[in-house]
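Working notes for the structure below.
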Amino acid sequence: MDILPQSYYEQPTLQLAKSLLGKRLVKETTDGLASGWIVETEAYIGPHDQAAHSFGNRRTKRTEVMFGPPGYVYTYVMHTHCLVNVVSGKINQPEAILIRAVEPYEGIHLIGKRRPNIKKEKERTNGPGKLTKALGIDMSDYGGAFFERPLYITEGKKVEGIKEGVRIGIPNSGEAKMYPWRFLLDKNKFVSK
DNA sequence: ATATAGATGTTC
DNA sequence: AACATCTATATC
């Protein structure tokens, strides 16, 4: 499967968020390769979105990559966990897509080693903090490109049953929390609750 | 099966 | 002080 070129990321954020469903997210480490199908995403459209870190064009050390060209990696540490985002929008348009869940595909034994003591299979990757740990993504990936190793996205499989919904976990974002900017594959067992 | 609380680190 | 979360524990 081919790595998606940078030009792929030049489409509008909401369209890209939907398009990412079913693609293959890959991470290579010294331990080996692990990958999963993307089954859930959320769009964060900076200037107009109170829930985005870049709301009102707030530019800090943390949000810096979002102001660059699309197709780059924005990792962010929340509590003890690390979250992955795909930067989208043109230069100086701070937009990004949060990857919330994947379905394990390659490197299952690695994923199992990184997330032991799990009762059900789906609990390994059905949340933004879980999937990063499962695939071995961390802050060292910040600022990298999704079209270059070691962290990249390739073509995937065709998907059906794309569903939109309201975003999760952003209670204090005013009107913005009602925007239907969450995309997921209906009937897939690996999406978050 | 669902619900609730508590712990965690980084940023502002 | 706020938060784009996870896990354990408790209860049905």
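Just so it is clear, the structure is predicted and the values come from calculations on it, not from any experiment. Just so we're on the same page: letters track the sequence lines, and every chain starts at 1. Hydrogens, waters and symmetry mates play no part in the numbers below; they use all other heavy atoms, side chains included.
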DNA chain C contacts made by [range], counting heavy atoms under 4.0 Å:
{"range": "residues 37-47 of chain A", "value": "A:Tyr44"}
{"range": "residues 99-116 of chain A", "value": "A:Arg100, A:Arg115"}
{"range": "residues 176-193 of chain A", "value": "none"}

Exercise. Would a hydrophobic clustering, with Ile, Leu, Val, Met, Phe, Trp and Tyr connected at side-chain separations under 4.5 Å, put A:Leu33 with A:Phe147?
Worked result: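 Yes, one cluster joins them.
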Are the side chains of [X] and [Y] in touch, meaning some heavy atoms are under 4.5 Å apart?
{"X": "A:Leu98", "Y": "A:Val84", "result": "no"}
{"X": "A:Phe183", "Y": "A:Leu21", "result": "yes"}
{"X": "A:Gln6", "Y": "A:Tyr72", "result": "yes"}

Exercise. Taking only residues two or more places apart in sequence, or in another chain, which ones meet A:Tyr8 in a ring pair (Phe, Tyr, Trp, His ring centres under 6.0 Å)?
Worked result: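 So A:Tyr8 forms no ring pair (Phe, Tyr, Trp, His ring centres under 6.0 Å) with any residue.
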For this session: Tell me, please, which residues at least two apart from A:His81 pass ring pair (Phe, Tyr, Trp, His ring centres under 6.0 Å).
Result: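 If we apply the ring pair (Phe, Tyr, Trp, His ring centres under 6.0 Å) test to A:His81, skipping adjacent residues, there are no hits.
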Exercise. If you look only at pairs with a residue in residues 93-106 of chain A, which of them pass as a salt bridge (Lys or Arg N to Asp or Glu O under 4.0 Å), with sequence neighbours excluded?
Worked result: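 Found A:Arg24-A:Glu106, A:Glu40-A:Arg100, A:Glu42-A:Arg100.
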For this session: Can you tell me which residue pairs pass the side chain to side chain donor-acceptor pair (under 3.5 Å) test with a partner in residues 115-124 of chain A, sequence neighbours excluded?
Result: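 Qualifying pairs, neighbours excluded: A:Glu121-A:Arg124.
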Problem set entry | Residues that A:Asp186 engages under side-chain contact (heavy atoms from CB on, under 4.5 Å), provided they are two or more places apart |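 Applying side-chain contact (heavy atoms from CB on, under 4.5 Å) to A:Asp186 gives A:Lys163.
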Problem set entry | Pair assignment for DNA chain C - dot-bracket with | for other-strand partners, Watson-Crick or G-U under 3.5 Å | |||.|||||||.
Exercise. Is there any ring pair (Phe, Tyr, Trp, His ring centres under 6.0 Å) pair reaching into residues 18-45 of chain A, and which pairs are they, with sequence neighbours excluded?
Worked result: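 Of all non-adjacent pairs touching residues 18-45 of chain A, those that pass ring pair (Phe, Tyr, Trp, His ring centres under 6.0 Å) are A:Trp37-A:Tyr105.
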Exercise. What nucleic acid atoms does A:Ile170 come within less than 4.0 Å of, heavy atoms only: base, sugar-phosphate, or nothing?
Worked result: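 Result for A:Ile170 = sugar-phosphate.
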For this session: Run the salt-bridge test on A:Asp141 and A:Lys27 with the 4.0 Å N-O cut-off and return the result as yes or no.
Result: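 Salt bridge: yes.
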Exercise. Would you call A:Arg167-A:Asp49 a salt bridge at under 4.0 Å N-O?
Worked result: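 Here A:Arg167 pairs with A:Asp49 in a salt bridge, since their nearest N and O are under 4.0 Å apart.
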For this session: Sugar-phosphate atoms are those with a prime plus P, OP1 and OP2; base atoms are the rest. Using that split, label each nucleotide of nucleotides 6-12 of chain B B, S or - for protein heavy atoms under 4.0 Å, 5' to 3'.
Result: --BBSSS
Exercise. Does the A:Lys18 side chain pair with the main chain of A:Leu14, one donor and one acceptor, at a distance under 3.5 Å?
Worked result: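 Between the backbone of A:Leu14 and the side chain of A:Lys18 there is no qualifying donor-acceptor contact (under 3.5 Å).
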Exercise. So, does A:Tyr142 use its side chain to make a donor-acceptor pair with the main chain of A:Arg62 at under 3.5 Å?
Worked result: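 Yes, A:Tyr142 side chain to A:Arg62 backbone: donor-acceptor pair under 3.5 Å.
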For this session: Give the minimum heavy-atom separation between A:Tyr9 and A:Gly71, together with the two atoms involved.
Result: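 Closest approach of A:Tyr9 to A:Gly71, heavy atoms only: CG-CA, 3.5 Å.
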Problem set entry | Nearest non-hydrogen partners of A:Gly46 and A:Ser54, listed with the distance |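 Nearest pair, atom of A:Gly46 first, then A:Ser54: CA-OG, 3.2 Å.
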For this session: Would you grab the first and last nucleotide of DNA chain C (5' to 3') that comes under 4.0 Å of any non-hydrogen atom in chain A?
Result: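 Using the under 4.0 Å cut-off, the span is C:dC3 to C:dT7.
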Exercise. Going through the checks in order, is the side-chain contact (heavy atoms from CB on, under 4.5 Å) test met by A:Tyr179 and A:Val166?
Worked result: CA-CA 6 Å; A:Tyr179 301 162; A:Val166 171; over 6 Å; no
Exercise. Which residue lies toward the 5' end of DNA chain C, A:Ile118 or A:Pro171, if each is placed at its nearest nucleotide?
Worked result: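 Going by which nucleotide is closer to the 5' end, it is A:Pro171.
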